[in-house]
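Note that the structure is a prediction, hence the values are computed from the model and not measured. Any value given below was found using the heavy atoms of this structure, including those in side chains, with hydrogens, waters and symmetry copies removed.
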Amino acid sequence: MIIAVSSQGPGLASSIDPRFGRAAGFVVIDTDTDEHSYFDNEQNLQLAQGAGIQAAQNVAKTGAQAILTGHVGPKAFLALDKGKIQIFLGASGTVAEALEAYKNGTMQPASAPDKQGHW
């Protein structure tokens, strides 16, 4: 399974970025092989609107089936949901810690966004 994690840096030891659409980037992990890669989200950081939708489209292109992040707004939530990407909110600590929480089943899929747009 491929999982994307919003991150402030490129590795498993990087801190979670609590923002989804305006995250610094995403660490993409294949849980079957433990291989991971990183893609920068810088192009979306300065957008006045639509950062969450653009980030959701980029995450979908990675083949991710789940996203671990801190918070998601309504437009990004809808875009991820339409892409059949499960959304797990409240991630904190490092990417590795969030991944471990996911694997241990302590994170539950979200049924709604937890932020209003433009936060």
Closer than 3.5 angstrom, by distance alone: can the side chain of [X] be matched with the main-chain N or O of [Y] as a donor-acceptor pair?
X	Y	result
E100	E97	no
N104	T106	no
R19	H71	no
D81	F77	no

- Item | Candidate pair V28 and V5, rule side-chain contact (heavy atoms from CB on, under 4.5 Å), full reasoning | CA-CA 6 Å; V28 180; V5 183; over 6 Å; no
What is the minimum heavy-atom distance between [X] and [Y], and which atoms define it?
X	Y	answer
A55	N41	CB-OD1, 4.1 Å
A64	I85	O-CG1, 3.5 Å
F20	G52	CE2-O, 3.5 Å
G9	S14	C-OG, 3.1 Å
P74	K115	CD-O, 3.0 Å

Output the distance between atom [atom1] ([X]) and atom [atom2] ([Y]), rounded to the nearest 0.5 Å.
X	Y	atom1	atom2	result
E35	I29	CD	CD1	12.0 Å
I3	M1	CD1	CE	5.0 Å
Q57	L80	CD	CG	10.0 Å

Less than 4.5 Å apart, side chain to side chain, heavy atoms only: is that true for [X] and [Y]?
X	Y	result
H36	D30	no
S15	Q8	yes
S7	I16	no
F39	V27	no
V72	L89	yes
N58	N44	yes
F88	I67	no

| field | Check: Y38 ring centre within less than 6.0 Å of F26 ring centre | value | no
